[in-house]
A.B. asks: 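One structure coming up, written as structure tokens, with questions to follow.
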Amino acid sequence: MSRIDVCVAACADLFLGAGEILASPMGLIPQLGAKLARLTSEPDLLMSDGEAYLLGEHGIEGWLPYRKVFDVVAHGRRHVVMGANQLDRFGNQNISCIGDHDKPTRQLLGFRGAPGNTVNHRTSYWVPKHSKRVFVPRVDVVSGVGHDRGFHNVHRVVTDLCVLDFATPDGSMRLVSTHPGVTVEEVLDNTGFPLDVGEAGTTREPTPQELELIDKLDPDHARH
Ligand code: F8G
């Protein structure tokens, strides 16, 4: 077992208790996590192929074109896991641009679905390289809306070092667990703002059955 398998299981755990909702995992690790959840704890999860179909274990199981995705977004029965170029302590996310908005030093993806996602339904983030470049005191522009800008449901952040949530009185970021072998200091050293670390534990390791499933889902080990 390696660190990335722990990350995949932590992404699967994002969906615990979700029931029959649309899971929209962006990127390989969140996708493996959602598929693992579907095969274990959350068999009713619906997964889109990102174009027009719902995919099950045995192929296409439904039709969900873009137009319908917007209906699901507005209805709220969805949990998206997005990436983030920047995240602040209240979960404001930036995937749009770096630097001054009028003259960015880097133009990124634009705002995409981030504003609508965060105001309509549960949202989590996956950060493959936990660093002060990503975890900043203030994002350069807000794509996904955080907890200090009204009531929203930013659920968790999974990184290569740890799992974070927002279960604090003011909705700011809290350390839930560090992955096996990672220290709290390592997380703090790579985070650009103070973190509540009070009750942090250790992220669970995937079970042997889960490891087998992860290998089946990713036989070429692209996750590494
Ligand atoms: C930086 C930083 C930083 C990057 N500080 N510099 C530099 C300083 C870096 C590089 C350069 C590039 C519902 C819905 C939708 C839909 C539906 C509606 C969504 C219709 C679909 C379509 C739509 C959104 C989903 C994601 C994004 C997943 C990732 C990426 C990434 C990194 C964004 C994190 N902090 N950062 N730089 N999408 N993608 O040194 O400089 O900038 O950097 O939900 O769409 O519209 O709505 O991006 O950037 O969730 O997670 O990986 O491009 O890889 O290469 O790192 O090296 O070139 O000089 P990237 P990267 P240089 S939901």
Side-chain angles (χ1 to χ4, degrees), residues 4 7-8 10-11 14-15 18 21-35 45-55 62-146 152-161 163-164 173 189-193 222-224:
I4 200 66
C7 297
V8 170
C11 284
L14 293 173
F15 297 99
I21 65 161
L22 180 65
S24 299
M26 306 292 167
L28 178 67
I29 304 307
Q31 271 173 35
L32 289 173
K35 287 177 181 170
L45 274 187
L46 300 172
M47 291 194 48
S48 155
D49 68 348
E51 290 188 18
Y53 295 105
L54 290 170
L55 292 183
W63 185 61
L64 193 81
Y66 255 41
R67 175 168 53 80
K68 292 260 177 204
V69 172
F70 287 111
D71 292 345
V72 179
V73 169
H75 189 252
R77 293 188 58 77
R78 180 171 184 253
H79 183 167
V80 63
V81 186
M82 292 192 282
N85 289 91
Q86 293 179 328
L87 268 177
D88 73 16
R89 62 190 287 253
F90 289 103
N92 294 289
Q93 167 237 31
N94 173 13
I95 49 170
S96 296
C97 71
I98 302 297
D100 181 7
H101 190 249
D102 290 333
K103 202 174 181 197
T105 54
R106 291 291 183 278
Q107 177 65 57
L108 303 165
L109 297 177
F111 292 80
R112 315 303 305 181
N117 290 340
T118 46
V119 302
N120 281 302
H121 57 67
R122 180 169 271 196
T123 300
S124 294
Y125 296 105
W126 157 245
V127 175
K129 191 164 188 286
H130 192 131
S131 72
K132 283 186 172 161
R133 198 177 89 157
V134 177
F135 290 91
V136 291
R138 197 183 151 85
V139 296
D140 293 343
V141 64
V142 176
S143 312
V145 185
H152 303 296
N153 190 356
V154 186
H155 177 52
R156 282 186 166 190
V157 182
V158 178
T159 81
D160 60 331
L161 299 182
V163 179
L164 305 139
M173 212 180 271
D189 285 349
N190 287 289
T191 306
F193 47 79
R223 63 191 182 280
H224 294 292

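Atom set for the values below is all heavy atoms of this structure, side chains included, hydrogens, waters and symmetry mates excluded. Atoms within each ligand, like the ligands themselves, are counted from 1 in listed order.
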A.B. asks: Which residue and atom name correspond to the protein heavy atom nearest atom 40 (O) of ligand 1, and how close is it?
C.D. replies: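 For this ligand atom, the closest protein heavy atom is Arg133 NH1, 3.0 Å.
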A.B. asks: Find the distance between CZ (Arg122) and CZ (Arg156) and round it off to the nearest 0.5 Å.
C.D. replies: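 So the gap between those two atoms works out to 9.0 Å.
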A.B. asks: In the structure I gave you, are the side-chain heavy atoms of His121 and Asn153 within less than 4.5 Å of one another anywhere?
C.D. replies: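 Of all side-chain heavy-atom pairs linking Asn153 with His121, none is under 4.5 Å.
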A.B. asks: Can you tell which part of Lys132 has a heavy atom less than 4.0 Å from ligand 1: side chain, backbone, both or neither?
C.D. replies: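 Neither; nothing of Lys132 gets under 4.0 Å from ligand 1.
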A.B. asks: For the residue pair His79 and His155, does the interplanar ring angle fall in the parallel (under 30°), tilted (30 to 60°) or perpendicular (over 60°) class?
C.D. replies: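 Aromatic pair His79/His155 classed perpendicular.
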A.B. asks: Relative to ligand 1, is Leu108 under 4.0 angstrom through side chain, backbone, both or neither, heavy atoms considered?
C.D. replies: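 Answer for Leu108: side chain.
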A.B. asks: Tell me which one of Ser96, Gly144, Ala114, Gly113 gets a heavy atom nearest to atom 23 (C) of ligand 1.
C.D. replies: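 Among Ser96, Gly144, Ala114, Gly113, the closest heavy atom to atom 23 (C) of ligand 1 belongs to Gly113.
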A.B. asks: Heavy-atom contacts under 4.0 Å between Ser24 and ligand 1: side chain, backbone, both, or neither?
C.D. replies: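 No part of Ser24 comes within reach of ligand 1.
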A.B. asks: Hey, are the side chains of Cys7 and Trp126 touching, using non-hydrogen atoms and a 4.5 Å cut-off?
C.D. replies: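 In contact.
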A.B. asks: Minimum heavy-atom separation for Tyr66 to Glu51, with atom names?
C.D. replies: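 Heavy atoms only, the tightest pair is CD1-O, 3.9 Å.
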A.B. asks: Ignoring hydrogens, just give me the one of Gly116, Gly83, Cys97 whose non-hydrogen atom is nearest atom 51 (O) of ligand 1.
C.D. replies: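 Closest candidate by heavy-atom distance is Gly83.
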A.B. asks: Identify the closest protein heavy atom to atom 21 (C) of ligand 1: which residue and atom is it, and at what distance?
C.D. replies: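 Residue, atom and distance for the closest contact: Tyr66 OH, 3.5 Å.
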A.B. asks: Nearest to atom 63 (S) of ligand 1, what protein heavy atom do you find, and at what distance?
C.D. replies: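 Protein heavy atom with the smallest distance to atom 63 (S) of ligand 1: Asn117 ND2, 3.4 Å.
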A.B. asks: Just jot down the ligand 1 atoms closer than 4.0 angstrom to any heavy atom of Met82, in number order.
C.D. replies: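 By the 4.0 Å cutoff, the relevant atoms are 24 (C), 50 (O), 63 (S).
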A.B. asks: Counting heavy atoms only, which part of Arg106 comes closer than 4.0 Å to ligand 1: side chain, backbone, both or neither?
C.D. replies: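 Side chain only.
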A.B. asks: Which heavy-atom pair separates Gln107 from Ser96 by the least distance, and what is that distance?
C.D. replies: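 Result for this residue pair: NE2-O, 3.1 Å.
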A.B. asks: Please indicate, with yes or no, if any protein heavy atom is found under 4.0 Å from atom 15 (C) of ligand 1?
C.D. replies: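 It does: a protein heavy atom is found less than 4.0 Å away from atom 15 (C) of ligand 1.
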A.B. asks: Counting only heavy atoms closer than 4.0 Å, does ligand 1 sit against the backbone of Phe70, its side chain, both, or neither?
C.D. replies: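 It is the side chain that gets close, since no backbone atom is under 4.0 Å.
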A.B. asks: Given side chains that start at C-beta, do those of Arg112 and Ser143 come closer than 4.5 Å, heavy atoms only?
C.D. replies: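 Sidechains of Ser143 and Arg112: no contact.
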A.B. asks: Within the structure, does at least one protein heavy atom fall under 4.0 Å of atom 61 (P) of ligand 1?
C.D. replies: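 Within 4.0 Å of atom 61 (P) of ligand 1, no protein heavy atoms are found.
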A.B. asks: Tell me the contacting part of Gln86 for ligand 1: side chain, backbone, both, or neither, using a 4.0 Å heavy-atom threshold, strictly below.
C.D. replies: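 Gln86 to ligand 1: side-chain contact only, backbone stays beyond 4.0 Å.
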A.B. asks: Between Gln93 and Ala84, which heavy-atom pair has the shortest distance, and what is it?
C.D. replies: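 For Gln93 versus Ala84, the nearest heavy atoms are CG-CB, 3.8 Å.
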A.B. asks: Which part of Arg112 is near ligand 1, with near meaning a heavy atom under 4.0 Å away: side chain, backbone, both or neither?
C.D. replies: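 Arg112 to ligand 1: contacts from backbone and side chain alike.
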A.B. asks: Roughly how far apart are Asn117 CG and Phe111 CZ, rounded to 0.5 Å?
C.D. replies: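 Result: 14.0 Å between the selected atoms.
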A.B. asks: I need the contact type for Leu109 against ligand 1. Using non-hydrogen atoms and a strict under-4.0 Å cut-off, is it side chain, backbone, both or neither?
C.D. replies: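 Within the 4.0 Å criterion, Leu109 contacts ligand 1 through side-chain atoms alone.
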A.B. asks: Consider every N or O of Asn85 and every N or O of ligand 1, then say whether any pair is closer than 3.5 Å.
C.D. replies: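 Yes; the residue has a nitrogen or oxygen that sits under 3.5 Å from a nitrogen or oxygen of the ligand.
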A.B. asks: Quick one: which of Arg78, Arg67, Met26 has a heavy atom closest to atom 13 (C) of ligand 1?
C.D. replies: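 Going through Arg78, Arg67, Met26 one by one, Arg78 has the nearest heavy atom to atom 13 (C) of ligand 1.
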A.B. asks: With rounding to the nearest 0.5 Å, note down the distance linking CG in Leu109 to CG in Asn94.
C.D. replies: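 Here the interatomic distance stands at 10.0 Å.
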A.B. asks: Show the numbers, then the answer: is there a side chain to side chain contact (heavy atoms under 4.5 Å, CB included) between Leu32 and Cys11?
C.D. replies: CA-CA 8 Å; Leu32 289 173; Cys11 284; over 6 Å; no
A.B. asks: Judged by non-hydrogen atoms, does Ile98 sit under 4.0 Å from ligand 1?
C.D. replies: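 Per 4.0 Å heavy-atom rule, Ile98 contacts ligand 1.
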